[in-house]
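The figures here come from the full heavy-atom set of this structure, side chains too, leaving out hydrogens, waters and symmetry mates. We count residues from 1, following the sequence as given.
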Amino acid sequence: MASETAQPGFWARVQRASVERLHIRLESLLVLVALSAAMALLSPFFLSLSNFLNILLATSTIGVLAIAATFVIGSGGLDLSLGSVMGLAGVAGAFVAVNLGWPSVFAVIACVLAGSIAGYINGQLVTRAFVPAFIVTLGMLGLARGLALVISQGRAIYGLPAEIVYIGQGRPLGVPMPVIIFVLTAIVAHCVLAYTRFGRHTLALGDSEGAARAAGIRVEQHRRIIYTLSGALAGLAGLLFTARVNAGDPTAGINYELTAITAAIIGGTNLFGGRASILGTMIGALIMGGLQNGLTLLAVPRLDPRHDDRRADHGRAAERADAACGAVLLPADGDRRGADPRGLHRSVPGAEGVARMTLLSLHGIRKSFGAVDVLHGVDLSVAAGEVVGLVGDNGAGKSTLMKTITGIYRADTGSIEFDGKDILALDPGQRRRLGIEMIYQDLSLAKQQDVASNIFLGREPTKRLLGLFPGFVDKAEMDRQAARMVERLGAHLPSINRSVGSFSGGQQQTVAIARALTFNPKLVIMDEPTAALAVREVQSVLDLIRRLKSEGIAVILISHRLNDVLSVTDRIVVLRHGRADADLVTAKTNMNEVVSRIVGGGDISAAAAHEQRG
């Protein structure tokens, strides 16, 4: 259609390039440039090097917190405890250095460790107690602040060692130490989020938890790591603040979490997850810091006259200085197992007309959700190279049974063997590596990610950066293999680098099929693959099923289109009320018998009505 083939305008192409290549939203960069130009016209000091360093110095603490917020929000979460955890970490470090008299290195460790523990508790409550992140982190906001007040007895802890103070006040080569730490942290965080499996899985998790889970990503474990990382970064921010003011202040960081979240959102992070950029977050932090700095240079007073009255004595000089500078502030070895760059399918001699070995065997599978029993002792077997149709009325348990095979759901009782191995205890990622792939009815795609990111989600090839640092995603190789796979499927996509959410339903189906076939599966499960397709696209899917069969790849086809099921399958299993009610040989059955089994009797009128609905 014209909407799918029309070329985007110049501005749209520039925006897309900035996101794909620089990982930033162009609008944020333009706002920063416009703000700098306006402030430069109003104040001749704004663009001076010393003032730029002052802006960075004032932004460093908030910037580190904003990086933490970027990871959490990008994963679809929220952390309102960042400011309080920062205050607790600073007090913990000061207590270790001053009250306990331990070496400075232990004080640094105490800051990061205190933040990490708070973040880990957040992650545990979110993933294991299933408490919303808003409630959990709001509670941690109060708990961390209370602990900071208890540890410090409500007073600031003075007299930090010179080594700690240097972290906040040192100027190697004339550059403030907090600025150096902030920039280095941002560079590392950018590389992690944009170029590693961890970063890609983080954004996929925020985009679609279902797609991430289907790809074999351990969702709960990943969330716990993200919240722990967020707490560690808050601990680092607490160290920078404490070292800068030369005191552990239990009231430090009040409302800083709101400023950090704002910086991340201004930088292009999607508030609902799935899209985030560390470079964009830095730009957002600089916009806020530059705006306050410019207003300070122009002698615009603060909106809150009570601010000075709430300052601690030890922090007054530092905060006045802040006002002057504007502070309101994989396997990692490149595993490509299963990927075949030479062709879509492998040749299987004798796939036709030979006795088939049993590939998948289910015995006595039961599954319930609370008091609702969905599967009642289902038995099912599929041979290598066999196409089995699974049919049944809505609510019969077809999709639940297939998700039990892939590991999305864990069977309550029963056994599952695949290729001679017991896989009941394996997670979805391990089952995928054995050769089980599924095209889900809802496609389970991460809509904000591009084609290659969806196809390789959970199994991204990696390389060494500059030949030295392992674990970096090989995006160029992903794009090449994804383009090759789409081409072999005979499909047309507007661009391999566009987010799949901008594609039509048929094009998204192509991406889901390509994802299932890229790693040479032994079994492909298709859940209603033709439900939303046009006649021509339906025929392409049926031809693909026949081709898979000829190559020795087993297929389980779930569909209400019984004509399609009868045309491509070897056997048809009828699921009724969570039980395998019939196992029919396709060549020896017909439409009436299949529909009669589905509706539970020989009522031909009911059968005809069911076929019209299908």
Any donor-acceptor N/O pair, [X] side chain to [Y] backbone, under 3.5 Å:
X: E257; Y: G83; result: yes
X: Q430; Y: D427; result: yes
X: S28; Y: I266; result: yes
X: D207; Y: K447; result: yes
X: T137; Y: A133; result: yes
X: T185; Y: I181; result: yes
X: S152; Y: A148; result: yes
X: R431; Y: L426; result: yes
X: N454; Y: L445; result: no
X: Q292; Y: A58; result: no

Do the non-hydrogen side-chain atoms of [X] and [Y] ever get within less than 4.5 Å of each other?
X: S230; Y: L82; value: yes
X: L88; Y: I151; value: yes
X: I226; Y: T202; value: yes
X: P461; Y: M478; value: yes
X: R171; Y: M177; value: no
X: Y440; Y: I408; value: yes
X: I423; Y: I436; value: yes
X: Q221; Y: I225; value: yes

(request) List for me each residue that meets side chain to side chain contact (heavy atoms under 4.5 Å, CB included) alongside F52, sequence neighbours excluded, and say none if there are none. (result) L56

(message) Pair L203, Q449 - check side-chain contact (heavy atoms from CB on, under 4.5 Å), show working.
(response) CA-CA 8 Å; L203 297 182; Q449 314 308 314; 4.0 Å; yes

Where [X] and [Y] come nearest, the two heavy atoms and their spacing:
X: G235; Y: A89; answer: CA-CB, 3.5 Å
X: S116; Y: A232; answer: OG-CB, 3.2 Å
X: T251; Y: I254; answer: O-CG1, 3.2 Å

(request) Might you work through the side-chain contact (heavy atoms from CB on, under 4.5 Å) test for F46 and N51, ending with a clear yes or no? (result) CA-CA 6 Å; F46 185 81; N51 190 59; 3.9 Å; yes

Nearest 0.5 Å, what's the [atom1]-[atom2] distance between [X] and [Y]?
X: F472; Y: L465; atom1: CZ; atom2: CG; answer: 4.5 Å
X: N255; Y: S84; atom1: CG; atom2: OG; answer: 9.0 Å
X: I287; Y: T262; atom1: CD1; atom2: OG1; answer: 12.0 Å
X: I135; Y: M140; atom1: CD1; atom2: CE; answer: 14.0 Å

Do the side-chain N and O atoms of [X] and [Y] include a donor-acceptor pair separated by under 3.5 angstrom?
X: N293; Y: N54; value: no
X: E163; Y: S104; value: yes
X: N246; Y: Q169; value: no
X: T281; Y: T70; value: yes
X: D474; Y: T462; value: no
X: S453; Y: R200; value: yes

(request) State whether F519 and R459 meet the cation-pi test: NZ (Lys) or CZ (Arg) under 6.0 Å from the six-membered ring centroid, and within 45° of the perpendicular axis. (result) yes

(message) Between E220 and R223, is the salt bridge (Lys or Arg N to Asp or Glu O under 4.0 Å) condition met? List the steps.
(response) CA-CA 5 Å; E220 288 75 18; R223 284 202 188 280; over 6 Å; no

(message) Just checking Y166: does its OH atom have more than 12 heavy atoms from other residues, nucleotides or ligands closer to it than 6.0 angstrom?
(response) yes

(message) Pair F182, I67 - check side-chain contact (heavy atoms from CB on, under 4.5 Å), show working.
(response) CA-CA 10 Å; F182 168 49; I67 292 172; 4.2 Å; yes

Mind checking whether [X] and [Y] have parallel, tilted or perpendicular rings, split at 30° and 60°?
X: F369; Y: Y409; value: perpendicular
X: F71; Y: F198; value: tilted
X: H222; Y: H201; value: tilted

(request) Please lay out, stage by stage, how E209 and R213 fare under the test salt bridge (Lys or Arg N to Asp or Glu O under 4.0 Å). (result) CA-CA 6 Å; E209 183 174 318; R213 197 180 299 276; 2.7 Å; yes

(message) Taking the basic N atoms (NZ, or NE/NH1/NH2) and the acidic carboxylate oxygens, is any pair closer than 4.0 Å for R498 and D450?
(response) no

(message) Looking at K475 and D479, is there a salt bridge between them, counting it only when a charged N and a carboxylate O are closer than 4.0 Å?
(response) yes

(message) For V85 and L141: C-alpha separation, side-chain torsions, deciding distance, then whether side-chain contact (heavy atoms from CB on, under 4.5 Å) applies.
(response) CA-CA 7 Å; V85 171; L141 181 150; over 6 Å; no

